[in-house]
Amino acid sequence: MEFGVEHYAIDYFANRGYRRRRCKSCGKYFWTIVERETCGEAPCEPYTFIGSPPVSRPYSLQEMRRAFLGFFESKGHKVIAPYPVVPRWRKDLYLVSASIVDFQPHVTSGSVEPPANPLVVSQPCIRMVDIDKVGATLGRHLTIFEMGGAHAFNFPDREVYWKDRTVELCVEFMGGLGLREEDTVFKEGVWAGGGNAGPCYEVIHSGLEIATLVFMNYRTLNGVLEELPVRTVDTGYGIERFTWLAQGTPSAFQVIYSGILDRVSELIDIPNPDEELFIRYARYSAWIQPTSSLSLADARRKAAALAGVDLERLQPVLERLEQFYKILDHTKSIVFILADGVVPSNSKVGYLARLLVRKTQRILELLGRKDMLPELAALQIDYWGRDFPRLLEMRDEILELITYEVKKFNESIVRGLAQLERELAAVSKSGREIDAEYVARIYEERGLTPDLVVSTAKKLGIKAPAMEEVEERMISRHIESPAKEKEDERLVEAAQLTKDLPKTEKLYYSDPYAAKFTATVLASTPKIVVLDRTLFYPEGGGQVGDTGVLRWRGLEARVTDTQIVDGVIVHFIEGDQPPVGEVVWGEIDYGRRLSVMRHHTATHILIGAARRVLGRHAWQMGAKKEAESARLDISHHAPLSRDEILKIERLANEVVSERRPVKISWLPRSVAEDRYGFTLYQGGEAPLGQVRVVEIEGWDAEACGGTHCANTAEVGFVKILKVERIQDGVVRLVYAAGPAAHRYVSESTIELESRLETVEEEIRQLKLGYGRLIEYYQETVLKEFEQASTSPQQLERIERVVADLAARIWFYSKSYQKEELLGSTRLIFDFRPVTNVTYFASMAREAVKHNSPAAGLISGRLKTGMLIAAGVNRQLSRHGLSPRSVAERLGAGKIRYIDDEVVVFEVAEKDVRTIYNDFKRLIENLQPSEA
RNA sequence: GGGCCGGUAGAUCAGCGGUAGAUCGCCCGGUUUGCACCCGGGAGGUCGAGGGUUCAAUUCCCUCCCGGUCCA
């Protein structure tokens, strides 16, 4: 795309004596007052401002921002607050990459009034495209920067200003800073983005492009330019670059991050470069344009050669410095993105956040500072929070997300490395080598960066490819074909039918509780009916379309679904077909609609609750509201705990019982955004200039086109049925509201109760079974052995084995009566019929077989008193409670068995409770000395 | 949204048309009065789900589900 000279030759230039020249170095055209051979932009010429700034004084970034906003304000521009960096109001972009994005596409296409005209904003912008160049170019490339945008929107009937005034304002602003017009060059260029395009001037001073003045008056449609009714002045002043120019430091990072520079360099231990050498090198740093054909190392060498600097001396410091700059830049981006409620994940904008975290974390690891990211982020939050308070509001959420993401990354690396090492061990054994293809594949499959793979290979003595080769390989692997979207056949048919029909009047907005209406048929087929007006809500915003009936002259069509195509509402029918022109009676399935409305309002209540419980990073990622249940997908990094789910549910039901009114209002976009903030766009892109705001008083406000209850009380009751993680960074709540919720609760209660009964019965049977098993062994098996004339020693041994087995079953089936915790001691108690002494001893032993203090008391009634088996394990006897002392203190008569953990004895006492309480007291009186 | 990789014992993984394996953990025994000690034995698997090809599928093909990862 190119524009002819007529697009650039303006009166202002003619009056001021500018001439058009062609740069002998880059071949581009430019406008200048004084005679010059090149355009002056580096690398056609070096940076001249480094070491000798042309601005009258060393403005700080904050001062420069103020100066910029103040100047344009004084020229009739209204200052507006910056927008978020995540443009939730459009779905074609992940990040705000320029100030004009704030106003696309609705303002620039003319369908929406701008918030002010002309206006000025200092908009934080994020661009990921140059991420690998950040640092090496000493600040010319950044992932995050502030674009000073001065915008004027010229409507056919209302001209604000156009090219001449734009250039005049630019020259005047620069003049105020002490930048001479004679040293300024206006370079011709073309700008295109966001579906718009136009000619532009790049404003060059001292070698640096510091502003771009775009005159956006075209729309690009399939590669063809079409003139726009609204001509937009889109100027972008690089606030960071102006500040860099004002201070003339070797790198822009020194001015952008001046407030935290020292602290960060101390934290990650970055040495200071030789100032004089660094300045000389920096002047030529614009030659560093690493591309696939010129590696970073070569580019750096070239710049050093031109500057006459000995790279050997500068290089080691330079590399650390570039990493330092990357860290500064990336952490700022991370903090801004997360502040807008992005959760790192593996798709969409979440992936960009993840990419930034991982790239930064990788550098920190190389520097031996792998735990430092949260601390660095905290510094950035506190520093930038002065200018952008939302960072401070989101401080805790941001730091938690970063900590969590770093942890996930580490786990992924550990896993990946273990696997890689196994694989490489096999390679090493076979004496093979690895190639660039292999390294690139490992990166794509497991996220192990090429440097990690290569260094691991070298460690194992495997020959690995050079990094350049790998990078080339990775670029060539990314030739992909765009995917096609599937289209709903029914809607294709509907689109044919509705092409020339007027937009349908939406009766459901005037009264969401109405059920009956009359309308005239505008078009019909055996499957589709279009009316001039309707109460049937078409599917949209996650709310299902209405069903119902249409009646006329004794005939009837059942409406099975309702959709909307370009403003025309389409009823899908079964049954008779109404003729065009017929007046029909319509009636929606009222109960179904009411239930859907409850679910829809419940969704808004729940998103408010989720944001309060989980944090403000929780955004609605999708939703579906039906008659029986609804679901809501929210962005959140971790699985929800039981506690969090209960809290969300409880809060939601509180809002229901508080009977909050649900208010609906149509507001101009900018007014709505001003009043409610950008959390309005929970439901995604809002298509209209006027925004329909659904507000639950004091709880939640969203741009939404759905039908809602008039009061939260009508929702009745909200029950969360299921919570699942449907994707990395997204959890789904499934819930029901009102009668549907009650149905679920009562049905599931009945089911639970019957299942509980079954389980209880099963447990009873099992215990009975165990009892029988034990009896069987003790009575039958032992008798068998006795009769088989087994020797007494063998018999004793067998008795012991059987008793141990029975005791184990007893213990693991928890067949005992009671389990108690006395301090740190676990006490197991049971009362059983007396079978034999060995079995009692085995049970006591089993009860105390733990590493923590444990005691057991098994009692059984004898004719003369009781048989007691007491167990105290080593952890207890260490504190002075030995089996023998227990026997003595409990008044033992005849001791039947004793070892170092267990004693079995008879007592005359007949009351179980007395013995149990005595035993408890013995344990409680021990000096508790925790290990 | 798309591409690529993976899903086998409680954990980490090997096997890749013909009777399912290793290491750690677990249980038992021995050794040892303190340990991530040592020795011996044992339990534990619908080989993610469904369909197809085949005499035979964990293995090959298709669909789906789940996890990972890269790119927009």
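Numbered from 1 within each chain, the chains take letters A, B, ... in sequence-line order.
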Open item on the list: Using a 4.0 Å heavy-atom cut-off, does A/Leu448 contact any base of the nucleic acid, only the sugar-phosphate backbone, or nothing at all?
Closed with: nothing
Task: Whole-Å distance separating the CD1 atom of A/Ile442 from the P atom of B/rG6 - done: 11 Å
Open item on the list: Please tell me whether A/Trp89 and A/Tyr83 form a close aromatic pair, meaning their ring centres lie under 6.0 Å apart.
Closed with: yes
Open item on the list: If I take atom CG from residue A/Asp102 and atom SG from residue A/Cys125, how far apart are they, to the nearest 0.5 angstrom?
Closed with: 7.5 Å
TODO: Go through B/rC13, B/rC5, B/rC70 for me and flag the one nearest to the A/Arg415 side chain.
DONE: B/rC13
- [ ] Respond yes when some side-chain nitrogen or oxygen of A/Arg358 is under 4.0 Å from OP1 or OP2 of B/rC70, and no when none is.
- [x] yes
- [ ] Using a heavy-atom cut-off of under 4.0 Å over every strand shown, decide if A/Tyr443 touches base, sugar-phosphate, or nothing.
- [x] sugar-phosphate
Task: Residue A/Arg422, side-chain heavy atoms: nucleotide from B/rU69, B/rC70, B/rU12 that is nearest - done: B/rU12
TODO: Would you please confirm or rule out a distance under 4.0 Å between OP1 or OP2 of B/rA72 and any side-chain N or O of A/Lys348?
DONE: no
Open item on the list: Would you say that A/Glu405 contacts A/Glu400 through its side chain, given a criterion of any heavy-atom pair below 4.5 Å between the two side chains?
Closed with: no
Open item on the list: Tell me whether the side-chain N/O atoms of A/Ser347 come closer than 4.0 Å to OP1 or OP2 in B/rA72.
Closed with: no
- [ ] Quickly work out the A/Leu420 CG to B/rG6 C1' distance and round it to whole Å.
- [x] 16 Å
Open item on the list: Check the phosphate of B/rU69 against A/Arg354, side-chain N and O only, distance under 4.0 Å to OP1 or OP2. Yes or no?
Closed with: yes
